[in-house]
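Accompanying notes for the structure given below.
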Amino acid sequence: MAVAIRQIHPVFVGEVSGVDRRPLAADEAAAIEAGMDRYAVLVLHDRNITDEQQIAFSRNFGEIENSAGGNVTKPHEKRLNPLMNDVSNLGPDHKPLPRDDRRRLFNLGNQLWHSDSSFRAIPAKYSLLSGRVVVEKGGNTEFADMRAAYDALDDETKQACDGLVCEHSLLYSRGLLGFEVTEEERAMFRPVRQRLVRTHPLTGRKSLYLASHAGTIVGWPMPEARAFLRDLTEHATQPQFVYSHKWRQNDLVMWDNRQVMHRVRRFDESLVRDMRRTTVAGDAPTVEQAEAA
Ligand SMILES: [Fe+2]
């Protein structure tokens with residue numbers, strides 16, 4: 001059976017069929033990668049997979065990103081293999097984390113629009129999220145097409161954005177929620193630089209590279225930078241650019257962090273929501289980094 005992709009939103013997002021659970025053949029992986037270039041988000045249903053199968057599937061698209069330095073969970077508190085990003089609401093005992101648990105409060109940052117790992121000097125290429133246990137109500141993942149958002153800017157704003165460099169850090173996104181970090185975390189979350197407008201290496205399409213992690217623009221006064229970034233984010237997340245994914249158990253949703261932003265919506269956190277992410281590493285920084293302080 002050949003890989004087939006059906007577009008399910010007016011500007012992006014494809015639903016994939018014709019992929020079974022055995023390892024992908026090279027032409028199937030190439031068809032999915034071409035689908036990612038075009039649709040930026042792909043949805044696969046009925047993928048009842050193990051962590052090992054998810055890791056193997058993800059490796060078709062590049063190296064798995066090391067998850068170290070991207071959260072406040074200590075190594076001994078981890079529930080999953082270090083190659084997996086645990087984006088559930090669960091502790092190592094597989095029970096929902098208590099309301100005031102720091103790990104839970106940190107993870108609430110996923111409700112803000114973002115691009116995974118934009119706070120790393122080499123930001124992520126793809127994320128692949130597997131819905132192992134999903135909730136009935138709430139918990140949708142929303143995606144915004146940052147290519148369509150860029151295309152819809154007026155020429156003056158496009159010119160204002162081109163060439164700008166932002167600083168991204170988990171300190172900025174978590175700061176928006178009033179989350180307090182330790183000194184050790186502050187050092188770990190040191191800001192990195194990212195281009196505000198990215199060009200896709202294959203399609204040549206431009207996109208806005210925004211995230212709640214973006215806290216300032218190099219060379220700009222911070223309040224002016226934040227007001228501008230907020231304005232762009234409001235533009236980029238208008239309903240015509242957004243797809244809301246309602247999870248079914250065993251859905252696997254993959255997205256290109258270079259071309260979309262995403263966020264999770266609220267849900268009843270007394271319920272188990274077991275979501276597991278693999279992240280495919282990017283291959284280069286978007287811009288030269290500042291000298292280490
Ligand atoms: Fe995310």
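Atoms within each ligand, like the ligands themselves, are counted from 1 in listed order. What you are looking at is a predicted structure, and each value in this text was computed from that prediction instead of being measured.
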Under-2.8 Å neighbours of the Fe ion (ligand 1), protein N/O/S atoms only
3

Answer yes when Lys125 and Glu33 have at least one side-chain N-carboxylate O distance shorter than 4.0 Å, and no when they do not.
yes

Looking at Phe267, is Arg273 sitting on its ring face, NZ or CZ under 6.0 Å from the six-membered ring centre and within 45 degrees of the normal?
yes

Is there a donor in the side chain of Ser118 and an acceptor in the side chain of Asn257, or the other way round, less than 3.5 Å apart?
no

Tell me, please, which residues at least two apart from Arg276 pass side-chain contact (heavy atoms from CB on, under 4.5 Å).
Asp51, Gln54, Arg79, Leu80, Met84, Arg132, Asp274

Considering only Ile, Leu, Val, Met, Phe, Trp and Tyr, and joining two whenever side-chain heavy atoms are under 4.5 Å apart, list the other residues clustered with Phe241.
none

Kindly give the cluster partners of Leu90, where membership spreads through any ILVMFWY side chain lying under 4.5 Å from a current member.
Val133, Val272

